[in-house]
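First up is the structure itself, then whatever we jot down about it.
Side chains included, hydrogens not; waters and symmetry mates left out as well; all remaining heavy atoms used.
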Amino acid sequence: QVQLVESGGGLVQAGGSLRLSCAASGHSFSNYVMKWFRQAPGKEREFVAAISRSGGSTYYADSVKGRFTISRDNAKSTVYLQMNSLKPEDTAVYYCNTDLRSLSPAIPGSYWGQGTQVTVSS
């Protein structure tokens, strides 16, 4: 059973930074593409970023490109999301996501974490 546990969320002022972490267990981490999604109040869940199994390829939503960086440490079974130049519109619950299937980057997989709240004040 795949388990994903996010951490690192919090309250930050606009222009600030946060780093989210997602610790994975229950599977061979390096075999899974890892993704981040987010859901703001009253909005649908949306794709944020994805990273290939080796970490050699990354994908970003246009809204975060140039500000967010996804990375992974396969030895620690952990994926990260470094968020810089945060804006109030980045306020959302951020979810870690994965699947063994080869899905398009923006397509969510079957496994979700519980989410971590990120709040950006203006």
Side-chain angles (χ1 to χ4, degrees):
Q1 182 71 17
V2 177
Q3 293 186 329
L4 305 172
V5 179
E6 302 96 334
S7 61
L11 174 63
V12 64
Q13 288 188 333
S17 298
L18 281 174
R19 188 175 84 152
L20 306 183
S21 299
C22 171
S25 62
H27 64 299
S28 298
F29 183 75
S30 59
N31 289 339
Y32 286 72
V33 173
M34 298 300 298
K35 306 179 183 183
W36 287 97
F37 287 79
R38 68 185 181 186
Q39 187 167 21
K43 295 187 177 182
E44 293 186 354
R45 196 170 295 188
E46 64 175 0
F47 169 75
V48 175
I51 188 166
S52 64
R53 295 170 179 84
S54 68
S57 297
T58 56
Y59 310 86
Y60 297 95
D62 288 342
S63 59
V64 307
K65 204 171 292 183
R67 300 188 298 121
F68 290 10
T69 302
I70 188 171
S71 61
R72 67 190 294 161
D73 186 335
N74 285 346
K76 295 182 178 180
S77 297
T78 301
V79 62
Y80 305 97
L81 186 68
Q82 178 67 45
M83 306 186 295
N84 299 329
S85 302
L86 282 162
K87 305 175 182 180
E89 50 264 43
D90 295 318
T91 294
V93 178
Y94 284 71
Y95 296 91
C96 186
N97 175 263
T98 191
D99 201 294
L100 188 56
R101 296 171 292 170
S102 295
L103 304 172
S104 296
I107 302 299
S110 301
Y111 303 104
W112 295 93
Q114 83 288 352
T116 186
Q117 176 70 47
V118 171
T119 303
V120 184
S121 63
S122 57

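A cation-pi geometry, defined here as NZ or CZ lying under 6.0 Å from the six-membered ring centre and within 45° of its normal, does not hold between Arg101 and Tyr32.
By the criterion of side-chain heavy atoms lying less than 4.5 angstrom apart, applied directly or through intervening Ile, Leu, Val, Met, Phe, Trp or Tyr residues, Val120 is grouped together with Leu20 in one hydrophobic cluster. Val64 and Tyr59 end up in different hydrophobic clusters when Ile, Leu, Val, Met, Phe, Trp and Tyr side chains are linked at under 4.5 Å. Hydrophobic clustering (side-chain heavy atoms under 4.5 Å, transitive across Ile, Leu, Val, Met, Phe, Trp, Tyr) groups Val2 together with Leu100. Residues Leu86 and Ile70 fall within the same hydrophobic cluster, defined by Ile, Leu, Val, Met, Phe, Trp and Tyr side chains chained together at heavy-atom separations under 4.5 Å. Taking hydrophobic clusters as Ile, Leu, Val, Met, Phe, Trp and Tyr residues chained together by side-chain heavy-atom distances below 4.5 Å, Phe29 shares a cluster with Tyr111.
With Tyr94 as the partner, the side-chain hydrogen bond (donor to acceptor under 3.5 Å, both in side chains) test is satisfied by one option alone out of Arg38, Gln39, Gln117: Arg38.
Here the side chains of Ser85 and Arg67 are in contact, with some heavy-atom distance below 4.5 Å.
Between the Ser63 side chain and the Ala61 main chain, no donor and acceptor come within less than 3.5 Å of each other. Under a 3.5 Å cut-off, the side chain of Thr91 and the backbone N or O of Thr119 do not form any donor-acceptor pair. Remark: side-chain polar atoms of Glu6 are paired, donor with acceptor, to backbone N or O of Gln114 under 3.5 angstrom. Of the possible polar contacts, none joining the Ser28 side chain to the Ser30 backbone as a donor-acceptor pair under 3.5 Å is found. In this structure, the side chain of Asn84 does not engage the main chain of Thr69 through any donor-acceptor pair within 3.5 Å. One N or O on the side chain of Asn97 and one on the backbone of Gly109 form a donor-acceptor pair closer than 3.5 Å.
Distance check, rounded to the nearest 0.5 Å: CE of Met83 to CH2 of Trp36 gives 8.0 Å. Atom OG1 of Thr116 sits about 8.5 Å away from atom CG of Leu18, to the nearest 0.5 Å. The structure places OG of Ser52 at 7.0 Å from CZ of Arg72, a figure rounded to the nearest 0.5 Å. One distance of note links CZ of Arg19 with OG of Ser17; it measures 12.0 Å at 0.5 Å rounding. Within the model, atoms CD1 of Ile51 and CE of Met34 stand 9.5 Å from one another, a figure rounded to the nearest 0.5 Å. The line from CG of Leu103 to OG of Ser110 is 7.5 Å long, rounded to the nearest 0.5 Å.
Between Ala92 and Ala40, the closest heavy-atom pair is CB-N, 3.8 Å. The two atoms that bring Val79 and Cys96 nearest to each other are CG1-SG, 3.8 Å, heavy atoms only.
Surrounding NZ of Lys65 are more than 12 heavy atoms belonging to other residues, nucleotides or ligands, all under 6.0 Å away. Heavy atoms of other residues, nucleotides or ligands lying less than 6.0 angstrom from OH of Tyr80 number more than 12.
A centroid separation of 6.0 Å or more is found between the aromatic rings of Phe37 and Tyr95.
Salt bridge annotation for Lys87-Asp90: absent, with no cationic side-chain nitrogen under 4.0 angstrom from a carboxylate oxygen. Salt-bridge annotation for Asp99 and Lys35: absent, with no side-chain N of the basic residue lying under 4.0 Å from a carboxylate O of the acidic one.
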